[in-house]
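What follows is a short report on a single structure.
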Amino acid sequence: MSIEHTFIGWCRDEEENHDKVWGIIKLNGGAWDGNYVTYWGRRGKKLQTKIYKDVGYWEMENLADKKTGKGYKKIEKSQLDKVYPEFQQDLEKTAFWAMFKV
């Protein structure tokens with residue numbers, strides 16, 4: 001299964017004890033439009049998901065922009081692997097089940 005990350009955000013605030021991830025993956029569809037899943041959760045906790053069926057790429061980009069406005073920093077997959085080593089395994093489980101909901 002191929003997972004296409006379109007956004008990975010990390011929010012860490014030691015004063016407020018935040019250490020969270022939020023992101024978007026593209027499940028299938030055309031080059032821009034298709035089915036997406038957003039995922040979020042505290043590091044080390046179960047990830048939550050929401051499915052977006054037949055939506056445009058720009059709609060998902062707007063969601064990502066809102067998260068960066070709330071303090072999430074866009075990071076690359078390699079950076080996330082360093083701060084949350086179990087993330088890929090958790091995400092693959094999430095994406096796998098999300099594909100069956102579409």
Using 0.5 Å steps for rounding, measure from the [atom1] atom of [X] to the [atom2] atom of [Y].
{"X": "Asn62", "Y": "Lys67", "atom1": "CG", "atom2": "NZ", "answer": "13.5 Å"}
{"X": "Gln79", "Y": "Lys73", "atom1": "CD", "atom2": "NZ", "answer": "8.5 Å"}
{"X": "Trp58", "Y": "Leu63", "atom1": "CH2", "atom2": "CG", "answer": "13.5 Å"}

(message) Is it the case that the ring center of Tyr84 lies less than 6.0 angstrom away from the ring center of Trp10?
(response)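 Distance test on ring centres: not under 6.0 Å, no.
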(message) Treating Asn35 as the side-chain partner and Leu27 as the backbone partner, does any N or O pair qualify as donor plus acceptor under 3.5 Å?
(response)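 It does not hold such a pair.
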(message) Applying ring pair (Phe, Tyr, Trp, His ring centres under 6.0 Å) to Phe87 and Tyr39, what does each step give before you reach the verdict?
(response) CA-CA 11 Å; Phe87 179 79; Tyr39 56 86; 5.4 Å; yes
(message) Ignoring hydrogens, what is the shortest heavy-atom contact between Gly71 and Cys11? Give both atom names and the distance.
(response)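 Residues Gly71 and Cys11, closest heavy atoms: O-SG, 4.0 Å.
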(message) Looking at Lys77, I'd like to know if its NZ atom is crowded, meaning that more than 12 non-hydrogen atoms belonging to other residues, nucleotides or ligands lie closer than 6.0 Å.
(response)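 Enclosed.
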Is there side-chain contact between [X] and [Y], with at least one heavy-atom pair below 4.5 Å?
{"X": "Met60", "Y": "Val55", "value": "yes"}
{"X": "Glu76", "Y": "Ile8", "value": "no"}
{"X": "Lys50", "Y": "Tyr52", "value": "yes"}
{"X": "Phe7", "Y": "Ile25", "value": "no"}
{"X": "Thr38", "Y": "Trp22", "value": "yes"}

(request) Dump the intermediate steps for side chain to side chain contact (heavy atoms under 4.5 Å, CB included) on Leu47 and Val21, then the final yes or no. (result) CA-CA 9 Å; Leu47 295 173; Val21 296; 3.9 Å; yes
